[in-house]
Amino acid sequence: MGMKVVKFGGTSLADAEHFRRVAEIVKADPDRHFVVASAPGKRFKEDVKVTDMLYQCYELVREGKDITDYYEKIKERYNTIIADLGLDFDISGELDYIQNAITHRSGQDFAASRGEYLNSLILAKFLGYDFIDAESVVFFRENGAYDNEKTNEVLSAELKKHQNAVIPGFYGVMPNGTIKTFSRGGSDITGSIVARAAEADLYENWTDVSGCLMADPRIVDNPLPIKTITYRELRELSYMGASVLHEDAIFPVRYAGIPINIRNTNDPAAPGTMIVSGTSEYDSKLVITGIAGKRGFSVINIEKDMMNSEIGFGRRVLDVLEDNDISFEHLPSGVDTMSVIVSSASIKGEAKRERILTSINKRVHPDSVVIEDGLALLAVVGRGMVKAKGTAARVFAAISAADINIRMIDQGSSELNIIVGVEEHDLERALNAIYKEFVK
Ligand code: ADP
Ligand code: ASP
Ligand code: MG
């Protein structure tokens, strides 16, 4: 007997029809003991995710408005699922309690988390599985960081008491008992945490695409699926915008050596993508494994003659960032220039920007220091790049041929990835140009 932990995303649990598919998948394999569920996602393009509606309720309360009418839509989503499934299950008490709690300012995270909570109650009932509230098994520390040790200890002990169970994704509890969520898309992290605590052989992550694709299907038409990818490659891709799996979902399972299989709820026969720790056999002739990109970066450009001989220059610049609670993304440098790439969100606001520039001026007396916005970064990732000569040249040639200006280049020392900075408005064309160059 094996042990599989399965996580279903929002679109996989958006309505009764999808609940039935999920039940079929779960019941098709007796190893699928523990199920992590998301809140109901979009049923069609213009639809609104329940999580977004809950955030909106919180906003309305903050503005002093009444949520009764708006909350009706949330009630309707759940009641429709229950009715369409033909379940004899009354959650009106739960729904009223939550409405009341949100109205009495129970907090943003509490509001957002109820999407997963309610959906998991319904799914547990439908599957005939136990319900384990994430609130009693997923812990955060005082400073808001996820508490790996405590969670693993309590959760593994709890899982041992159950043959089969549904656990809501996305949230856990703070030491003072209040609910805290992971960042958006965080049910993927819960799935990974449960897989580790259950000592699973496999973590199946069921979504609405047939695995991790070589590029974002909303940007590149019909990208090829990736059969096998390493944790490190996927971490690079997801960090850079391949939103198919939360960028932090890798850690708990990687630690325990549990592979992740990304699968499609709407096409269960498709093998999807296997995410593993290392892979010696290459499953394709392609040099690159995948590409991804995201907008919203800024560059702090610093110039100073003889910078290269000034010991401690870089450290003093990074001290300024640290003092302002900013982490940096990349640090490309020349002999007399240093560029620090940061997310634009982390240096938002005139006052903060002024403070950073003034401190850098004071600490290192540069010839010039300026902040430039509007940068997009894209990552070309592949374990095959180490062996293939001329990959970088092909990337740059493809981008240049598309008449796109390259603003920055950074290659990791592991030769697993090449990072290229382009203007935000060029991102999609650049990704398409690279894809075409490598996938013929
Ligand atoms: P879920 O609700 O199941 O967690 P998400 O919407 O979070 O699903 O993630 C799946 C989506 O990720 C896909 O529908 C697709 O639009 C997007 N996506 C972005 N990049 C990629 C990629 N490289 N491969 C697959 N999907 C991607
Ligand atoms: N429902 C949450 C979100 O929309 C978490 C998740 O789906 O993973 O972000
Ligand atoms: Mg997701």
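Counting starts at 1 for both ligands and their atoms, following the listed order. These numbers come from the heavy atoms of this one structure, side chains and all, not from hydrogens, waters or symmetry mates. Note that the numbering runs from 1 along the sequence shown for the chain.
- With a 6.0 Å cutoff to the six-membered ring centre and a 45° limit on the axis angle, Arg114 counts as a cation-pi contact of Tyr117.
- Within the model, atoms CG of Asn266 and OG of Ser12 stand 6.5 Å from one another, a figure rounded to the nearest 0.5 Å.
- Side-chain contact of Arg263 with Asn261: a donor-acceptor pair under 3.5 Å is present, judged by distance alone.
- Partners of Ser344 according to the side chain to side chain donor-acceptor pair (under 3.5 Å) rule, which considers only residues two or more places apart in sequence or in another chain, are Ser298.
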Are there any N/O pairs under 3.5 Å between ligand 2 and the protein, and if so, what are their distances?
from: ligand 2; atom 1: 1 (N); to: Thr51; atom 2: OG1; distance (Å): 2.8
from: ligand 2; atom 1: 1 (N); to: Glu116; atom 2: OE2; distance (Å): 2.7
from: ligand 2; atom 1: 4 (O); to: Lys49; atom 2: NZ; distance (Å): 3.2
from: ligand 2; atom 1: 4 (O); to: Arg184; atom 2: NH2; distance (Å): 2.9
from: ligand 2; atom 1: 8 (O); to: Gly185; atom 2: O; distance (Å): 3.3
from: ligand 2; atom 1: 8 (O); to: Gly186; atom 2: N; distance (Å): 3.4
from: ligand 2; atom 1: 8 (O); to: Ser187; atom 2: N; distance (Å): 3.0
from: ligand 2; atom 1: 8 (O); to: Ser187; atom 2: OG; distance (Å): 3.1
from: ligand 2; atom 1: 9 (O); to: Arg184; atom 2: NE; distance (Å): 2.7
from: ligand 2; atom 1: 9 (O); to: Gly185; atom 2: N; distance (Å): 2.8

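- Side-chain polar atoms of Asp133 and Tyr171 form a donor-acceptor pair below 3.5 angstrom.
- Using a 3.5 Å distance cut-off with no hydrogens or angles, the side chains of Ser243 and Arg218 do pair a donor with an acceptor.
- Arg383 approaches Thr228 most closely through the heavy-atom pair NH1-O, 3.4 Å.
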Polar pairs, ligand 1 vs protein, N/O only, below 3.5 Å.
from: ligand 1; atom 1: 2 (O); to: Gly10; atom 2: N; distance (Å): 3.1
from: ligand 1; atom 1: 3 (O); to: Thr207; atom 2: OG1; distance (Å): 2.7
from: ligand 1; atom 1: 4 (O); to: Lys7; atom 2: NZ; distance (Å): 3.1
from: ligand 1; atom 1: 8 (O); to: Thr207; atom 2: OG1; distance (Å): 3.1
from: ligand 1; atom 1: 14 (O); to: Asp208; atom 2: OD1; distance (Å): 2.8
from: ligand 1; atom 1: 14 (O); to: Asp208; atom 2: OD2; distance (Å): 3.3
from: ligand 1; atom 1: 16 (O); to: Arg218; atom 2: NE; distance (Å): 3.3
from: ligand 1; atom 1: 23 (N); to: Leu213; atom 2: O; distance (Å): 3.0
from: ligand 1; atom 1: 24 (N); to: Leu213; atom 2: N; distance (Å): 2.9

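- A donor-acceptor pair shorter than 3.5 Å cannot be found between the side chains of Glu94 and Tyr78.
- By the side chain to side chain donor-acceptor pair (under 3.5 Å) test, Tyr239 is found to be paired with Glu329, residues two or more places apart in sequence or in another chain being considered.
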